Q: 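Before I ask anything, here is the structure I am working with.
On a predicted model such as this, the values are computed, not experimentally measured, just so you know. What you see below is based on every heavy atom in this structure, not just the backbone, and it leaves out hydrogens, waters and symmetry mates.
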Amino acid sequence: MNKAEENENKLAAQRYAKALLELAGDDKLFKDKILAELTDITLSVKSSDDLKRVMTSPVISIAEKKNVITKLFGTKTDNILLNFLHFLIDKNRFSILESITKEYKNEINRLNNLITISVTSAITLTEAEKSDIKMQLSDILKKNIEPEWSVNPEIIAGLVFEAGDNIVDNSLRHKLQDLSRNIIK
C-alpha cells in the first residue's frame, strides 16, 4: 500500500469512527461498550487468517460475508455495531476495520481528555519512576495519561515519548547522533 492509499484509508477510518461515535449517542458507558466490542471483533478478525480471507475475498458475496459476521458476532454484539459492520461490508470497507477501531478509540480518548503515550526507556523503570513520569506528563499536557511502557537498550539512556505522530526523543543515542551531525557540518 502506498502513502496516498494509507492517507485515504486513515481519513476514511476517521470518518467511519466519528459516524459510529454519533450512532452510539451521548451515553459514555454505551460508547465504551461499543469500543470493547469493536476491539474484540477486530482482534478476532486480525487473529484469524481464514476470517480475513473470507472478508476480503471478491468471490464471496456481500450477503455471505454479512451472514458470517452475524453468525460469529451477532449474539454478543450490539445491533448498532452489527449494522455498522454490515454497512462496512456493503461499502467494501471492512478491510480498514482495524484502523476504524484505532480511530474510534482515539475519539473516545479525546472526549475523555485522555492521551496514550508510548514511553521507551533504556532500562526497566520502577513503579515509582513510572508514576513520577506519568504525573509530570499529565501536568505538562493537562491531560489524563495512559502510558505504554517499553524497553529498548539501544537508546543507551534517557526516554523517548511518542503520542500519535509526535515524537520527543530525549535519548542519549539521539543526542549523540545530533552531535555527530553538527561535527560533520
Side-chain angles (χ1 to χ4, degrees), residues 1-28 30-60 62 65-66 68-69 72-73 77-120 134 137-138 140-150 152 155 159-171 174:
M1 186 181 314
N2 65 35
K3 194 71 171 166
E5 288 173 325
E6 283 180 31
N7 286 338
E8 181 184 324
N9 284 344
K10 182 174 178 155
L11 290 172
Q14 288 171 338
R15 286 192 306 269
Y16 283 115
K18 287 179 182 178
L20 182 57
L21 198 62
E22 286 182 32
L23 288 172
D26 294 330
D27 185 352
K28 181 191 175 322
F30 186 66
K31 288 177 182 177
D32 291 343
K33 177 184 179 224
I34 293 289
L35 176 60
E37 291 176 2
L38 187 60
T39 301
D40 288 345
I41 291 167
T42 301
L43 289 174
S44 295
V45 172
K46 189 176 178 181
S47 65
S48 172
D49 289 336
D50 290 338
L51 184 55
K52 273 191 276 192
R53 262 192 301 280
V54 166
M55 298 311 295
T56 57
S57 173
V59 177
I60 298 173
I62 289 174
K65 290 176 183 181
K66 287 180 177 180
V68 167
I69 291 300
L72 288 175
F73 306 112
T77 303
D78 187 87
N79 281 338
I80 288 175
L81 182 55
L82 191 60
N83 288 336
F84 179 78
L85 296 173
H86 288 175
F87 180 75
L88 292 178
I89 293 167
D90 286 336
K91 296 298 181 184
N92 196 27
R93 288 301 208 167
F94 197 85
S95 62
I96 64 169
L97 181 64
E98 189 174 349
S99 295
I100 292 169
T101 303
K102 179 182 174 191
E103 295 300 331
Y104 184 84
K105 183 178 184 198
N106 288 343
E107 287 296 316
I108 294 288
N109 288 348
R110 185 184 57 74
L111 291 172
N112 294 330
N113 197 32
L114 177 72
I115 186 170
T116 301
I117 296 182
S118 173
V119 182
T120 305
K134 182 178 176 181
L137 286 171
S138 183
I140 291 168
L141 299 172
K142 305 292 187 240
K143 292 189 178 286
N144 299 317
I145 304 297
E146 183 179 289
E148 294 175 348
W149 306 99
S150 62
N152 180 356
I155 68 171
L159 298 170
V160 177
F161 302 97
E162 294 179 57
D165 294 336
N166 299 315
I167 299 174
V168 175
D169 191 340
N170 195 23
S171 67
H174 181 72

Q: Salt bridge (Lys or Arg N to Asp or Glu O under 4.0 Å) with D49: which residues, sequence neighbours excluded?
A: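 For D49, the residues satisfying salt bridge (Lys or Arg N to Asp or Glu O under 4.0 Å) (neighbours in sequence not counted) are K52.
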
Q: Answer yes or no: are there more than 12 heavy-atom neighbours, outside D26 itself, under 6.0 Å from its atom CG?
A: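 Counting neighbours around CG of D26, 12 or fewer heavy atoms of other residues, nucleotides or ligands fall under 6.0 Å, so no.
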
Q: Please say whether more than 12 non-hydrogen atoms of neighbouring residues, nucleotides or ligands are located less than 6.0 Å from CG in N92.
A: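 Result for CG/N92: open.
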
Q: State whether a side-chain donor-acceptor pair under 3.5 Å links T39 with T101.
A: no

Q: Give a yes or no on whether the backbone of D90 and the side-chain of K66 come within a donor-acceptor separation of less than 3.5 Å.
A: no

Q: Quick one: salt bridge (Lys or Arg N to Asp or Glu O under 4.0 Å) partners of D27, sequence neighbours excluded?
A: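 Here no residue qualifies.
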
Q: According to the salt bridge (Lys or Arg N to Asp or Glu O under 4.0 Å) rule, which pairs have a member within residues 97-113, sequence neighbours left out?
A: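 Qualifying pairs: K46-E98, K105-E146, E107-R110.
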
Q: Could you tell me which non-hydrogen atom of L81 sits nearest to which non-hydrogen atom of L38, and how far apart they are?
A: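 So the minimum-distance heavy-atom pair works out to CD2-N, 3.7 Å.
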
Q: Restricting to salt bridge (Lys or Arg N to Asp or Glu O under 4.0 Å), what partner residues turn up for K31, sequence neighbours left out?
A: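 Applying salt bridge (Lys or Arg N to Asp or Glu O under 4.0 Å) to K31 gives none.
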
Q: Can you run down the side chain to side chain donor-acceptor pair (under 3.5 Å) pairs that involve residues 14-23, sequence neighbours left out, and say none if there aren't any?
A: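 Pairs touching residues 14-23 that pass the test: none.
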
Q: Between K65 and M55 (side chain of the first, backbone of the second, donor and acceptor by atom type, cut-off under 3.5 Å), is there such a pair?
A: yes

Q: Do you know which two heavy atoms are closest between N9 and R93, and how far apart they sit?
A: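 In terms of heavy atoms, the two residues are closest at OD1-NH1, 3.2 Å.
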
Q: Residues in salt bridge (Lys or Arg N to Asp or Glu O under 4.0 Å) with D78, at least two apart?
A: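 Expected list: K33.
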
Q: Minimum heavy-atom separation for T77 and L82, please, with both atom names.
A: CG2-N, 3.9 Å

Q: Ignoring hydrogens and geometry, is there a side-chain-to-backbone donor-acceptor pair from S48 to V45 under 3.5 Å?
A: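 Such a contact is absent between S48 side chain and V45 backbone.
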
Q: Would you name the heavy atoms of A24 and Y104 that are closest together and state the gap between them?
A: CB-OH, 3.9 Å

